[in-house]
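In what follows, chains are A, B, ... by sequence order, proteins preceding strands, each numbered from 1. On a predicted model such as this, the values are computed, not experimentally measured, just so you know. Only heavy atoms go into these numbers, but all of them, side chains included; no hydrogens, no water, no symmetry mates.
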There are 2 protein chains.
Amino acid sequence: MTPQSDGAARTTPARRPTIKDIARRAGVSESAVSFALNGRPGVSQGTRDRIHRVAEDLGWQPNSAARALSGERSGCVGLVLARPAHTLGVESFFLQLVSGVQEVLAARKVALLFQVVEDIEAECAVYKRWWAEKRVDGVLVVDPRSDDPRPELLESLGLPSVVIGAPAEGGRQVSTVWADDTAAMASVLAHLHGLGHRHVVHVAGLPGLAHTERRITSLRTEAGRLGLTAIRSVTTDYSDAEGAEATRRVLDSDAPPTAIVYDNDVMAVAGAAVAAERGIKVPGELSIVAWDDSALCRVTHPRLTALVRDTSGFGRLAAEELLARLDGGPVRSLQAELPHLEPRESTGPPARR
Amino acid sequence: MTPQSDGAARTTPARRPTIKDIARRAGVSESAVSFALNGRPGVSQGTRDRIHRVAEDLGWQPNSAARALSGERSGCVGLVLARPAHTLGVESFFLQLVSGVQEVLAARKVALLFQVVEDIEAECAVYKRWWAEKRVDGVLVVDPRSDDPRPELLESLGLPSVVIGAPAEGGRQVSTVWADDTAAMASVLAHLHGLGHRHVVHVAGLPGLAHTERRITSLRTEAGRLGLTAIRSVTTDYSDAEGAEATRRVLDSDAPPTAIVYDNDVMAVAGAAVAAERGIKVPGELSIVAWDDSALCRVTHPRLTALVRDTSGFGRLAAEELLARLDGGPVRSLQAELPHLEPRESTGPPARR
DNA sequence: CGAGGCTACTAATGCGCTTTAGCTCATGTC
DNA sequence: GACATGAGCTAAAGCGCATTAGTAGCCTCG
């Protein structure tokens with residue numbers, strides 16, 4: 001008797017099996033099934049095996065809503081991306097990160113709820129709604145800022161979270177996963193200094209972001225150590241337009257730099273295009289370094305020297321930390337593998353004066 | 001002692017208000033609250049208003065798990081992206097699409113479950129799991145193929161879905177949203193033909209994908225109409241590497257084309273880089289057209305002529321259709337706005353022989 | 001003036017699962 | 001031989017909501 005298998009198949013999709021079905025087939029109570037399937041004590045090995053077999057047979061999968069309602073977990077974590085629509089897109093960082101995150105989550109059968117919003121206020125609203133709706137067990141936070149309202153909000157909501165891209169903030173009950181931008185910036189500057197550059201401009205990203213601030217500070221410090229004075233940072237919104245614009249301004253200045261470091265791949269490529277447009281030779285007259293490697297840096301001519309980091313590994317690390325938090329693990333601050341500089345054709349010794 | 005217990009103890013997260021709380025405060029039964037909040041009849045206007053006020057006061061939000069369990073809806077739709085990790089990233093199409101999707105979903109308080117997997121088998125497995133877990137109410141399907149197992153699977157699961165990027169398939173209970181690639185390809189070829197090109201190569205994307213097939217067929221048809229014989233397509237995996245490789249092969253052939261049409265922005269830029277590397281002037285000796293515009297096409301020098309389409313609008317359309325399906329709307333096949341060609345500096349008359 | 005019908009509400013049930021309390025029977029203990 | 005013990009199981013409650021089946025009160029109408 002399978003009423004839904006044949007005739008009703010057109011309109012009625014197959015009914016999902018429940019633990020009740022398993023219980024009936026295995027001749028035990030629903031509780032026994034629940035215990036067995038969740039690895040809890042209270043069932044003999046024999047019964048346990050039998051229940052597992054029946055569940056397998058029936059193709060049972062836990063109904064996520066029922067689980068979320070009775071247990072604590074929704075089996076979902078959230079990620080909000082707060083970016084104006086027009087800056088969305090070309091950057092490869094994000095999808096790479098997500099693919100790393102997914103790898104870890106999928107293995108644990110945790111789903112990822114994803115949302116794109118316009119700004120950080122909207123992002124906070126999403127967190128509140130998710131919390132109120134009990135939609136997610138925890139969240140991953142990207143693009144940390146220097147004065148960030150999110151950790152406090154999330155802590156007050158009691159929503160476990162992992163901030164991606166910033167070192168630990170004092171006192172907050174929020175894990176962090178980050179890369180050592182300071183050391184990375186030092187390696188970039190060392191590379192350029194070693195080639196003979198004394199005048200470098202850093203085209204940074206959004207001024208509010210924590211890692212932007214870190215990179216700017218670290219550049220200044222490192223320049224001081226090396227005794228360089230003609231070093232400065234300018235901020236942008238990460239877009240190709242502002243990257244190009246900043247490049248033009250910098251090249252038009254009285255003392256143009258011999259090297260430019262860009263905070264993302266898109267701006268670096270845009271900068272290279274500006275140089276090409278003006279007939280400025282790269283790396284002969286201008287060296288270019290991109291922070292974050294991607295296909296982009298390899299499709300330009302010349303190919304761009306880039307700071308490579310394992311972005312999807314970064315995502316994996318973050319996801320693992322979040323799962324650990326959900327399992328009651330302590331708040332931690334994890335450091336990702338140090339990025340390394342991949343020298344390509346866009347950097348070389350500066351032209352002699 | 002542990003930071004954990006300490007944090008948990010002091011930040012007792014606020015309890016979520018339930019309809020029971022509202023009922024008590026408003027002095028009515030839980031059912032009345034449920035009716036009022038869902039706009040069902042059976043409550044007077046006065047009571048209805050009072051209940052709404054109390055709910056507002058308490059900051060009540062429906063618990064998504066409870067709703068999913070009792071009602072039908074989980075308030076979630078899914079989107080799976082099946083791409084090998086390395087091809088992920090640079091393409092802007094996808095995030096643009098998602099941002100459009102989100103706009104519509106967010107307005108209706110529907111969440112988006114997102115998953116990245118390696119291949120289409122894994123994708124099907126995700127659909128089955130989501131269905132069994134009752135996690136999503138419907139799904140958006142991207143990258144349709146010419147012989148696609150997904151519509152059949154989704155239909156058999158009874159999971160409402162919208163296929164993005166392919167015209168309707170005969171007999172399937174699955175909505176589709178698509179762009180008229182045929183007309184678009186015709187406009188591209190008309191542009192090149194008008195400039196005087198008689199020898200064009202089309203560097204297409206993945207051979208299995210439906211729109212790749214459509215574009216290839218349409219190119220052939222259109223070439224026939226114009227009486228052109230030296231027209232052909234080669235397929236790739238959409239990556240910059242294969243785009244560059246295909247470009248090299250094509251340029252090395254006995255009769256190199258005077259124009260190349262690339263199926264995405266990344267390959268077009270890679271192709272332009274190959275030309276630059278070989279000292280081939282664009283557009284003097286080679287014209288380049290990119291299918292899909294993005295910042296990428298504007299950061300190269302020269303800027304690339306591109307086929308512009310409203311990708312986020314496309315996403316909005318798809319999301320709206322899915323919501324309509326969830327509301328019991330009919331299966332439809334919607335056509336998006338026709339893409340238009342944006343001529344830039346990478347196309348011009350071919351060099352005289 | 002009582003039957004019928006309507007409005008505005010309440011009570012009760014169930015969704016699929018987890019969890020607590022309780023129950024039964026075999027085993028061990030002195 | 002009375003009794004504690006614990007393993008292995010069942011019964012039942014509850015999570016927050018939607019929904020169905022009432023019920024009380026009022027109006028209408030013949």
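- Taking atom CG of residue A:Leu37 and atom P of nucleotide C:dC17, one finds them 9 Å apart after rounding to whole Å.
- Using five terminal pairs a side, the axes of the helix from C:dC1-D:dG30 to C:dC30-D:dG1 at its two ends make an angle of 60°, given in steps of 10 degrees.
- For B:Phe114, the ring pair (Phe, Tyr, Trp, His ring centres under 6.0 Å) criterion is met by A:Phe114, B:Phe94, not counting sequence neighbours.
- Put simply, the side chain of A:Arg129 reaches to within 4.5 Å of the side chain of B:Gln61, judged on heavy atoms.
- Looking at residues two or more places apart in sequence or on another chain, you find a side-chain hydrogen bond (donor to acceptor under 3.5 Å, both in side chains) between A:Ser44 and A:Thr47.
- Here the P atom of nucleotide D:dA13 and the NZ atom of B:Lys20 are 14 Å apart, to the nearest Å.
- Separating the CD1 atom of A:Ile19 from the P atom of D:dT10 is a distance of 12 Å, rounded to the nearest angstrom.
- Ion pair B:Arg83/B:Asp119 not flagged as a salt bridge, since none of the NZ, NE, NH1 or NH2 atoms sits closer than 4.0 Å to an Asp/Glu carboxylate oxygen.
- When rounded to the nearest whole Å, the span between CZ of A:Arg24 and P of C:dG16 equals 12 Å.
- At least one side-chain nitrogen or oxygen of B:Arg67 sits closer than 4.0 Å to the OP1 or OP2 atom of D:dA18.
- The separation between A:Lys134 atom NZ and D:dC15 atom P is 11 Å, rounded to whole Å.
- In terms of the side-chain hydrogen bond (donor to acceptor under 3.5 Å, both in side chains) criterion, B:Arg40 has no residue partners (sequence neighbours excluded).
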Nucleotide-resolved protein contact map, nucleotides 8-14 of chain C, B/S/- at heavy-atom distance under 4.0 Å: SBBBB-B

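- Residue contacts for B:Pro41: at a heavy-atom cut-off of 4.0 Å it reaches no nucleic acid atom on any strand shown.
- With sequence neighbours left out, B:Arg53 forms a side-chain hydrogen bond (donor to acceptor under 3.5 Å, both in side chains) with no residue at all.
- The CG-P distance, from B:Asn63 to D:dA18, rounds to 10 Å in whole Å.
- One interatomic measurement links the two molecules: CZ of B:Arg135 to C1' of C:dG16, which rounds to 14 Å at whole-angstrom precision.
- With hydrogens and angles ignored, the 3.5 Å screen pairs a side-chain donor or acceptor of A:Ser64 with a backbone N or O of B:Glu133.
- At least one side-chain nitrogen or oxygen of B:Ser34 sits closer than 4.0 Å to the OP1 or OP2 atom of D:dA18.
- Looking at heavy atoms from C-beta onward, B:Trp178 lies out of side-chain contact with B:Leu334 at the 4.5 angstrom threshold.
- How far CG of B:Leu153 is from CH2 of B:Trp131: 10.5 Å, rounded to the nearest 0.5 Å.
- Among the nucleotides C:dT19, C:dC17, D:dG16, the one closest to the side chain of A:Arg40 is C:dT19.
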